[in-house]
Amino acid sequence: MTDISAAPASGSHRGSLLVQDELTRKRNAAETRFRLYGIVAISIAMLALAALLISIFSAGMPAFRQTFVTIPIELPADKLDKSGTRDSAVMAKVTTVGYAKVINEALAAALAAKGISTDGMTEKQIAGLLSPEAPAQLRNYVLANPAVVGTSLPEFELLANGRVDGFFKGRVTMESAKLDSNITPEQLQVAQKMTDAGLMGKRFNWAFITAPDASDQRPEAAGLGVAILGSLYMMIVVLVLSLPIGVAAAVYLEEFAVKNFWTDLIEVNIANLAAVPSIVFGILGLAVFINFAGLPQSAPIVGGLVLTLMTLPRIIIPARAALKAVPPSIRDAALGVGASKVQSVFHHVLPLAAPGILTGMIIGLAQALGETAPLLLIGMVAFVRDYPGGLPGGLFDPATALPVQVYSWTTRGDPGFVERASGAIIVLLVFLLIMNAVAIVLRRRFERRW
Amino acid sequence: MNDMRIAERNVDTNESKISARKVQVYYGTNHALKDVDVDILDKTVTAFIGPSGCGKSTFLRCLNRMNDTVASARVEGTITLDGENIYDAKVDPVQLRAKVGMVFQKPNPFPKSIYDNIAYGPKIHGLTRSKSELDGIVETSLKKAALWNEVKDRLDSPGTGLSGGQQQRLCIARAIATQPEVLLMDEPCSALDPIATAQVEELIDELRSQFSVVIVTHSMQQAARVSQRTAFFHLGNLVEYGETGQIFTNPKDPRTESYITGRIG
Ligand SMILES: Nc1ncnc2c1ncn2[C@@H]1O[C@H](COP(=O)(O)OP(=O)(O)O)[C@@H](O)[C@H]1O
Ligand SMILES: [Mg+2]
């Protein structure tokens, strides 16, 4: 930008201070231009970020609200518990088909009670207002509370069908319903009347965060519960393994290792490993942890191990930088009063490097949390409806992970999953924001460098 | 040269504390110190003077094996402390450094409280058995370092918050808290203003009653003011070593004379 070699015009220093000479004008122009470039660059970046956030939030926020049908339901004992023992093992013999009949009757009764006519609609179409998941919802509730059999539930919330939900979120219109084999305009009209009558409505949907995934036909029932647990388990594995290993490696290389060919080689390779595409670690994990070591597929332990391998170099490098930034005078001071090398490192150097190490650690963890490719290879893209068990056994149960759930939802046919995927991205972003906030707080906390 | 007040020259003892024989130091291929023979007396202030880069710091750092931390440094020859070779394979440099304390050129207090700065050495060496004993060491060390009155009300405040001169005295207090036998000081006043320098110099003179003090200085006036014996280094050689008064008034070597009259340096 600035041309230092430009020879000053002869005698230019002699001019009046009130008049800018040629060189000064040029320099000022260059400075103005450079500032402009900077502002343009930042504006582009901010615009891109804003566009990204707006598109994700506008597409994803509806996933947190869900349309529910609230109706009174009779639970006839002769249908749901013929034995009369209220033994859930016996009651479990009644399948969702049996509950579907109970629900259909309840729905018909509720519609009749509110005077909503369903003339010209088949029974299947009326049932189609509800999610295919609704019988399972009721069955799970009854099996968990056997005492309710034989009574009547005054208000029970059932998931509305995904298309009906889409209608209230603007995704489905009367026009699109005409062309849609899954829904008819008549059904939507009934849904509208039910809403007016207070039988149907949207509310915040905790199940999106807590429920497991659901099959292709039931986007309205799909949740992130298993994925969040899977991601959490993997992060625990990554943290427990990579913090001590990464810090030990960094401390050894920075403070204790003699400089020779081998440590140089290790250094170069750590830098290279940090640049290896993450999918390569997935292939490695598949070969070593699953095929060779025989660990189960789709398990958070394998995901955690793979992500640990990927994260380690990304932790070691900033940790070494943080250790290097500790002034050597502190080491001299410690050795000077007769501290051993280990004492000088652990009493003085490491505490001073801690903010940097922790920041690197959390950024590494955040990267690992968002990593998808290696997890696809070790089977974490599987369809998992059962929550993994408690720790530590749950580490070996099948699970998915947040970014993988986003990926698998975007590949599904039902348009309801687009909203779900965007909602999942929001959850992922929130977790990342929390982690970054923690990094900032930790840095502030430990950075009382007096 | 006129302000050189060559102080009392009574060397209390002639007992040699540290003896160096044929010490060579190499940094890689750079032969930084050549054939140095010195006897440092007990309870005496010994000054090392000489132009920049002549090896004063290098030799000082040999005396407590701080050069071990420099990967490229190699030390040859023998240095004995009370007759024991400190470069013997059986010697643990950590134990040595507890006996031979060091104060550095730039004040380098730990980023901890004033109290913790002083207490750290005694703690790791297990010098105290109780908190009150430790408090006692902290107090006496700060008193010896002439810092007690200034900081006694704020022992919990950070050592790095003190002024430069106070920080350096804190470092001296920290060094004497481990009860060393020898105190090495590498240009301890170079970062200080004249008043702080005067305080530290006064302190050094008091410390002489308990320790053998070795001080590196680039200021000949300072050497003249505080030391009883002076060693003049030049280009890695020990040119002349003797009573401070003799070195400054009647140098034997022409190089010493050139240096103290300001012709080299
Ligand atoms: N850590 C080091 N690595 C390599 N060379 C060094 C190191 N420290 C000092 N030297 C070299 O040793 C010589 C003596 O340095 P030094 O003892 O610091 O001199 P002084 O303290 O008298 O100014 C110089 O030539 C210097 O370049
Ligand atoms: Mg020096």
Side-chain angles (χ1 to χ4, degrees), chain A residues 249-268 319-359 442-450, chain B residues 60-61 64-72 92-114 116-127 141 157-162 167 170-180 183-186 191:
Chain A
V251 167
Y252 180 75
L253 285 174
E254 203 52 52
E255 302 288 331
F256 294 95
V258 283
K259 279 245 149 251
N260 61 22
F261 171 76
W262 295 110
T263 45
D264 281 351
L265 193 71
I266 289 171
E267 242 185 280
V268 169
R320 291 189 64 182
L323 289 167
K324 212 174 255 172
V326 174
S329 66
I330 295 293
R331 298 179 177 84
D332 283 348
L335 296 180
V337 295
S340 67
K341 184 81 196 163
V342 171
Q343 285 171 328
S344 103
V345 169
F346 283 91
H347 295 168
H348 302 286
V349 178
L350 212 47
L352 286 176
I357 293 176
L358 284 174
T359 310
L442 284 178
R443 198 163 42 206
R444 290 267 162 80
R445 231 9 232 278
F446 285 92
E447 212 164 47
R448 293 179 311 153
R449 203 168 267 195
W450 291 346
Chain B
L60 193 73
R61 291 164 62 87
N64 68 344
R65 291 186 59 174
M66 279 299 272
N67 279 333
D68 291 13
T69 63
V70 179
S72 64
D92 184 345
V94 170
Q95 238 174 319
L96 169 70
R97 288 182 204 132
K99 282 190 174 191
V100 184
M102 188 160 198
V103 175
F104 298 83
Q105 183 165 0
K106 211 176 120 245
N108 55 355
F110 298 127
K112 297 176 188 285
S113 70
I114 293 172
D116 287 342
N117 261 282
I118 314 283
Y120 181 69
K123 263 189 210 157
I124 59 171
H125 296 302
L127 297 184
S141 305
S157 55
T160 39
L162 299 172
Q167 285 189 16
L170 178 65
C171 292
I172 294 172
R174 180 178 66 191
I176 56 190
T178 57
Q179 297 163 11
L183 195 56
L184 309 177
M185 301 177 141
D186 192 350

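A quick note: this is a predicted structure, and the numbers were derived from the prediction, not measured.
- Within 6.0 Å of NZ in Lys341(A) there are more than 12 heavy atoms belonging to other residues, nucleotides or ligands.
- Within the structure, the side-chain hydrogen bond (donor to acceptor under 3.5 Å, both in side chains) test picks out the following pairs touching residues 250-260 of chain A (sequence neighbours left out): Glu254(A)-Arg320(A), Glu255(A)-Arg331(A), Lys259(A)-Glu267(A), Asn260(A)-Thr263(A).
- The two residues Ala339(A) and Ile124(B) have their closest heavy-atom pair at CA-CD1, 3.5 Å.
- Taking all atoms of both residues into account, the shortest heavy-atom contact from Arg97(B) to Leu335(A) is CD-O, 3.1 Å.
- Between the CG atom of Leu352(A) and the NZ atom of Lys112(B) there is a distance of 8.0 Å, given to the nearest 0.5 Å.
- Smallest separation of non-hydrogen atoms from Val337(A) and His125(B): O-NE2, 2.8 Å.
- A distance of 11.5 Å separates CD of Gln105(B) from CG of Asp332(A), quoted to the nearest 0.5 Å.
- Within the 4.5 angstrom heavy-atom criterion, only backbone atoms of Pro109(B) (N, CA, C, O) approach chain A.
- With sequence neighbours excluded, the residues that form a ring-ring contact (aromatic ring centres under 6.0 Å, His included) with His347(A) are Tyr120(B).
- Residues Ala333(A) and Asn108(B) approach most closely at CB-ND2, 3.4 Å, considering heavy atoms.
- For the set Thr69(B), Leu96(B), Val94(B), Thr178(B), the entry with the most heavy-atom pairs within less than 4.5 Å of chain A is Val94(B).
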